[in-house]
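Taking it in order: structure first as structure tokens, then the write-up.
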Amino acid sequence: MKIATYNVNGIRSRLPRLLEWLDETKPDVACLQELKCTDDIFPVGEIAGAGYGAVWHGQKGFNGVAILARGCNPEETARGLPGDPDDAHSRYLEAVVDGVTIASIYLPIGNPQPGPKFDYKIAWMERLRHHAADLYAGERPVVLAGDYNVIPQDEDTFSVRAMAGDALTQPESRAAFRTLLAAGWTDAIRARHPAGRFYTFWDYQAGAWARDAGFRIDHLLLSPAAADRLVDAGVDKATRGKEKASDHAPTWIVLR
DNA sequence: ATGGCCTGTGGGACAGGA
């Protein structure tokens with residue numbers, strides 16, 4: 001079972017690339033972020049045409065998450081992250097596919113920091129910690145996949161200095177991510193590849209792609225029952241190099 | 001060494017991304 005996460009940066013602009021990637025790599029499940037569209041204009045027809053059922057949680061202009069499943073319809077189990085009824089951002093969607101609970105996460109960036117946007121990021125991560133604990137207690141296979149907007153370690157960025165003031169590398173951001181790992185969640189890429197560059201994002205600016213000036217911010221965290229089934233993990237780096245690409249590359253795992 | 005972009009909204013810049 002191949003499960004991927006892909007921040008598409010606008011699903012309508014990205015649709016040809018998305019359909020091409022689905023056809024080439026055939027993930028069983030694809031968690032998408034940054035749809036940047038409302039629910040009524042989500043391209044459900046084109047995605048069904050590619051052989052995928054879908055659930056989605058859109059928003060005008062920004063954010064937006066979806067879960068696609070090949071040959072079946074994901075069974076939605078949560079829409080929105082619990083813990084703040086006033087939070088109107090579409091950043092969390094959860095569904096069960098083939099017995100595996102899968103979340104599509106678009107975590108707040110938090111820039112500029114310090115400030116209210118950073119406070120929102122940290123509060124959101126605290127809510128995620130609580131909800132993740134509930135899922136963990138169920139002792140079922142769970143995959144928390146998405147754009148976490150956290151660079152976990154110095155080796156996950158091309159330049160520690162360039163990112164020093166950024167919300168993605170702040171000690172509070174890293175601590176909140178590390179808290180999930182300490183609670184028993186497995187960072188799938190690092191479980192399979194303890195060392196080395198596994199960047200998932202390269203900025204459109206400053207020739208970042210050409211210089212390989214990227215960082216690793218798209219993650220798949222696994223509950224123990226899912227981690228026991230992990231056989232492979234990787235990044236579809238070539239997807240980032242195509243015309244009209246998203247600034248993120250798809251990141252994936254294979255569970256047996 | 002520095003700076004370089006893209007998407008959506010809406011019909012011109014600007015917000016937001018990271």
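We name chains A, B, ... by the order of the sequence lines, and we start the count at 1 in each one.
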Under the salt bridge (charged side-chain N to carboxylate O under 4.0 Å, His left out) criterion, do A:Asp236 and A:Lys242 qualify, and how do the steps go? CA-CA 11 Å; A:Asp236 290 334; A:Lys242 300 202 174 192; over 6 Å; no
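The gap from the P atom of B:dG10 to that of B:dG4 amounts to 27 Å, rounded to the nearest Å. Nucleotides B:dG3 and B:dT7 place their P atoms 23 Å apart, quoted to the nearest Å. The separation of B:dG11 from B:dA15, taken at their P atoms, amounts to 15 Å, rounded to a whole angstrom. Nucleotides B:dA18 and B:dC6, compared at atom P, are 15 Å apart to the nearest Å.
The aromatic rings of A:Phe42 and A:Trp56 sit parallel to each other, their planes meeting at less than 30°, with 60° as the upper class boundary.
Put simply, chain A comes within 4.0 Å of DNA chain B, heavy atom to any atom, from B:dG4 to B:dA18, going 5' to 3'.
Here A:Asp218 lies out of heavy-atom contact (under 4.0 Å) with every strand. Note on A:Asp147: only backbone sugar-phosphate atoms sit closer than 4.0 angstrom, heavy atoms only; bases stay farther off. Residue contacts shown for A:Tyr106 are limited to sugar-phosphate atoms, with no base heavy atom under 4.0 Å away. At the heavy-atom level, A:Asn9 lies under 4.0 Å from the strands shown only through sugar-phosphate atoms. A:Lys121 comes within contact range of no nucleotide atom at all, as no heavy-atom separation falls under 4.0 Å. As judged by a 4.0 angstrom heavy-atom cut-off over every strand, A:Ile109 is placed among the base-contacting residues.
Using a 3.5 Å distance cut-off with no hydrogens or angles, the side chains of A:Tyr148 and A:Asp187 do not pair a donor with an acceptor. Using a 3.5 Å distance cut-off with no hydrogens or angles, the side chains of A:Thr200 and A:Asp218 do pair a donor with an acceptor. Remark: the A:Glu34 side chain and the A:Asn7 side chain contain an N/O donor-acceptor pair separated by less than 3.5 Å.
Heavy-atom distances to DNA chain B give each of A:Thr38 and A:Asp247 a nearest nucleotide, and the one nearer the 5′ end belongs to A:Thr38. Residues A:Gln205 and A:Gly10 both approach DNA chain B. Their nearest nucleotides, taken by heavy-atom distance, put A:Gln205 toward the 5′ side.
Salt-bridge annotation for A:Arg190 and A:Asp156: present, with a side-chain N of the basic residue lying under 4.0 Å from a carboxylate O of the acidic one.
Legend: residues meeting side chain to side chain contact (heavy atoms under 4.5 Å, CB included) with A:Asp119, ordered by chain and number and at least two apart, are absent.
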